K.L.:
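Handing you this structure, nothing more for now.
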Amino acid sequence: MNLRNHAYAFALRWALRNSNSGLTDVERYRLVAHTLRKLGLSDEGRTVTDYYFENDVEENTIMLVGLGSSVRGNLFYLLEELNSSERFEGYRIYVKTSPETIDHLRDLIDRHNWHRTTPVADPVEYDRLLARVKYVLTEVNMPTSWVKKPSQVYINIWHGTPLKNLGSDKHARNNHLSGVKQRDFVNADYLLCPNYYTKDHMAEAYRVGNLLQGNALMLGYPRTGGMLQAAEQAGAALREQLAPRSEKVFAYMPTWKDYLKPEQVVSECVELLEYLDAHLDNDQILYVNLHHKINDSVDYDQFEHIRQFPAALDTYQVLAVADALITDYSSVFFDYLATGRHIILYCPDLALYEKKRGTYLDIASLPFDIAYTKEAVFAALSRGKTCDDDNAQATFCPFDTSENARKLCSLFQETPDPDLVIKALRSEDAPNMLIFAETCDDRPQTALLQQLVNHRDDAHCNLFVGCDKRAVSQNRKTAYPLLFNVPAIGIDPEIRLSNAGKKIKQLATSRLLPFSVAMRYLQQEYRLAGERMWGRMPFSRVLALDVRNIDILLALACARYRLHIFFTDELKRALNNEADRFSSDAAAYCLRHCEKVFVESPRDAEEIREIGGAVEVIDCASNLEVLFGANPDCGNA
């Protein structure tokens, strides 16, 4: 190693050793960054962690993240409110988009005079802004790299009342792939729930009911409110535009069927459209909005009575004047139900859909026309609405009014609308414990994990299994059916150090910077990495049962959890790895900074005691209870 690196190490060692222990994480980062700048090492690009520490949260700033890259539905009506109301004068509003759609969004901004709104297509700029904005609202997932700051307000509105099974309720061995959604739900200050049915099923589907920390916002979707408002205030103008000869207006909006090939989906849609076009009268128009994956696969010029949804209108502006909606399993019918108009569910493959996706409701029990053939669809259209759906409206649309968007946007101010129905989600149930088994492969630790899962006492402890989702995807045969029987939380193990953290780790790896000195800084970045993985999940205790990635173990050791470690052969090899001293030092650090280390032999116990760790010798075959803690409540006394 050259003399320059020795000089860097000396300067950083001095800065870290002489830093005030009372410094905040941000202050410590800025001290190190300042030292690096003085050494001429600050010319590298920034990482998301640099943005986190460099940017202060700015008041009156909002980031909206919608479905796909275009602005439609919920975001459309939120932007209308945020740009037109005097309450948001002086606010800066950012919308996530993509390079392919940014010009379209700019045109939309100009057309609607959304003068407070800026589109964001550059992913680097998006990461930087996420570290600055005060309010974050999404109807999808946040990036795995994002860490919510304590002063930020995060609103998760999801994207629809669920009919089909979600998350762990799906018929697939993918329980371990929902970690980002689980983290996002737990991180949310507000989870929008348009009804109690959604509130209950979403928490259960992703197995986070015992982890939620925020509030349920009992409110209809902005898009549903926009539809109702358009019907009230602009219905005549919209109808004149869509039905210039006073035709009846119908809408067809099928969902995407991922269990069929695209050409099969297209064929099914075209067969229905051709039949309806041949039978509709001249005073009837059917507007069609297919999934974007197949919308361009249909030639609409061939039809006489059928049109695409106009590009200049939002989907819910069309629905505002539609006399009937034809769909299948799309959650759009829950939204349209708020109008009280005619709903027809075209379900020619109902048995297959229920087998492939599963549903939370018996579709046949819904108070709508259920059509299994194209002939039955037309017959229902001709007959008109005959069903009484008052009870369904009371169940699924209890909070819907034309004021949905206005009420939701009040959360972007210091004093939310007093009419909002807000219910705390924090559970007072039994304490939560996480057992982390990185790969769930065919080693003894996975068999031990199975015993622990079977041995758990749900009355006293809510047990979760953590894993590296990519590793488990390679080990489904050994991971399942185990992960069917316990809530699984799969993580993205990438640590994403700042440039300052990378330099310090590099010098510690090269033995130019003592590990103990390096950790004076690195512990805050590994704690941040833990927040990326698990967010605000309130685990009272974590048992690292089988961890081979030393970075994950460091993240756990630096997190604010009570950590117990099971001393595996892999961890022992890392501890004694002379070729990789950073891993060796990191293993020793984790063993010293956890609450207890479980070993199966006195010899291993002596080795742990030598490095200063608290150790307990166990016989797993006859003493599984000790791995749950001395007390029956997962050791949360």
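All figures in this text were calculated on a predicted structure; none of them were measured in a lab. Heavy-atom basis, side chains included; hydrogens, waters and symmetry copies ignored. FYI, the numbering just counts along the sequence from 1.
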K.L.:
Looking at Trp146 versus Tyr51, is the centre-to-centre ring distance below 6.0 Å?
P.N.:
no
K.L.:
I'd like to know if the side chain of Glu525 pairs up with that of Tyr29 as donor and acceptor (distance under 3.5 Å, no hydrogens or angles considered).
P.N.:
no
K.L.:
Apply ring pair (Phe, Tyr, Trp, His ring centres under 6.0 Å) to Phe567 and Phe598, showing your working.
P.N.:
CA-CA 6 Å; Phe567 193 57; Phe598 297 117; over 10 Å; no
K.L.:
Centre-to-centre under 6.0 Å for Tyr353 and Tyr329, is that the case here?
P.N.:
yes
K.L.:
Consider only side-chain N and O atoms of Tyr360 and Asp169, and report whether a donor and an acceptor are under 3.5 Å apart.
P.N.:
yes
K.L.:
Where the side chain of Gln451 meets the backbone of Thr446, is there a donor-acceptor pair that is under 3.5 Å apart?
P.N.:
no
K.L.:
If we ignore hydrogens and angles and just use 3.5 Å, is the side chain of Ser510 paired with the main-chain N or O of Leu512 as donor and acceptor?
P.N.:
no
K.L.:
Is it the case that the side chains of Gln213 and Arg426 hold a donor-acceptor pair, with the cut-off being a distance below 3.5 Å and no angle test?
P.N.:
yes
K.L.:
Do the side chain of Asn156 and the main chain of Tyr190 share a donor and acceptor less than 3.5 angstrom apart?
P.N.:
no
K.L.:
With a 3.5 Å distance limit and no angle check, can you tell me whether Gln445 reaches the backbone of Cys440 through a side-chain donor-acceptor pair?
P.N.:
no
K.L.:
Name all residues meeting the ring pair (Phe, Tyr, Trp, His ring centres under 6.0 Å) criterion together with Phe464; count only those two or more places apart in sequence or in a different chain, and write none if there are none.
P.N.:
Phe539
K.L.:
Could you note down all residue pairs passing salt bridge (Lys or Arg N to Asp or Glu O under 4.0 Å) where residues 141-164 supplies at least one of them, sequence neighbours left out?
P.N.:
Lys148-Asp189
K.L.:
Any donor-acceptor pair under 3.5 Å linking the side-chain atoms of Asn174 with those of Arg476?
P.N.:
yes
K.L.:
For Asn462 and Ala430, indicate whether the former's side chain and the latter's backbone hold a donor-acceptor pair under 3.5 Å.
P.N.:
yes
K.L.:
Checking Tyr196 against His201: is there a side-chain donor and acceptor pair closer than 3.5 Å?
P.N.:
no
K.L.:
One pair to check against side chain to side chain donor-acceptor pair (under 3.5 Å): Asp50 and Asn499. What are the steps and the verdict?
P.N.:
CA-CA 7 Å; Asp50 287 294; Asn499 281 306; 3.3 Å; yes
K.L.:
Check side-chain hydrogen bond (donor to acceptor under 3.5 Å, both in side chains) between Asp25 and all other residues, then give those that pass, not counting sequence neighbours.
P.N.:
Arg527
K.L.:
Are Arg532 and Thr49 close enough that a side-chain donor and a side-chain acceptor fall under 3.5 Å?
P.N.:
yes
K.L.:
Less than 3.5 Å apart, any donor N or O on the side chain of Gln474 or Asp441 sitting next to an acceptor on the other?
P.N.:
no
K.L.:
Is a side-chain donor or acceptor of His34 paired with a backbone partner of Arg30 at a separation under 3.5 angstrom?
P.N.:
no
K.L.:
Using only atom types and a distance under 3.5 Å, with no angle test, would you say the side chain of Asp184 pairs donor to acceptor with the backbone of Met142?
P.N.:
yes
K.L.:
What residues, two or more places apart in sequence or in another chain, satisfy salt bridge (Lys or Arg N to Asp or Glu O under 4.0 Å) together with Arg560?
P.N.:
Glu531
K.L.:
Does a donor on one side chain sit under 3.5 Å from an acceptor on the other, for Arg496 and Thr144?
P.N.:
yes
K.L.:
Please enumerate all residues that pass side-chain hydrogen bond (donor to acceptor under 3.5 Å, both in side chains) together with Asp546, with sequence neighbours excluded.
P.N.:
Arg443, Arg548
K.L.:
Would you confirm whether Ser584, through its side chain, and Leu575, through its main-chain N or O, come within 3.5 Å as a donor-acceptor pair?
P.N.:
yes
K.L.:
Under a 3.5 Å cutoff, is there a donor and acceptor pairing between the side chains of Gln524 and Arg28?
P.N.:
yes
K.L.:
Taking the inter-plane angle between the rings of His291 and Trp256 on a 0 to 90° scale, is it parallel (under 30°), tilted (30 to 60°) or perpendicular (over 60°)?
P.N.:
tilted
K.L.:
Go through the side-chain N and O atoms of Asn475 and Thr478 and say whether any donor and acceptor fall under 3.5 Å apart.
P.N.:
no
K.L.:
Could you check whether Lys505 pairs with Asp551 (Lys NZ or Arg NE/NH1/NH2 to Asp/Glu carboxylate O, under 4.0 Å)?
P.N.:
yes
K.L.:
Does Ala579 offer a backbone N or O that forms a donor-acceptor pair with the side chain of Asn577 under 3.5 Å?
P.N.:
yes
K.L.:
Do Tyr52 and Ser145 have side-chain heavy atoms sitting under 4.5 Å apart?
P.N.:
no
K.L.:
Does anything in residues 129-139 form a salt bridge (Lys or Arg N to Asp or Glu O under 4.0 Å)? List the pairs, not counting sequence neighbours.
P.N.:
Glu58-Arg132, Glu59-Lys134
K.L.:
When you compare the side chain of Asp492 with that of Asp468, does any pair of heavy atoms fall below 4.5 Å?
P.N.:
no
K.L.:
Taking the side chain as C-beta and beyond, is there a heavy-atom pair between Val57 and Tyr135 under 4.5 Å?
P.N.:
no
K.L.:
Without swapping roles, check the side chain of Arg357 against the backbone of Glu354 for a donor-acceptor pair under 3.5 Å.
P.N.:
no
K.L.:
Do Arg128 and Glu125 meet the salt-bridge criterion of a basic N to acidic O distance under 4.0 Å?
P.N.:
yes
K.L.:
Supply the atom-to-atom distance Leu497 CG to Leu522 CG, rounded to the nearest 0.5 angstrom.
P.N.:
6.5 Å
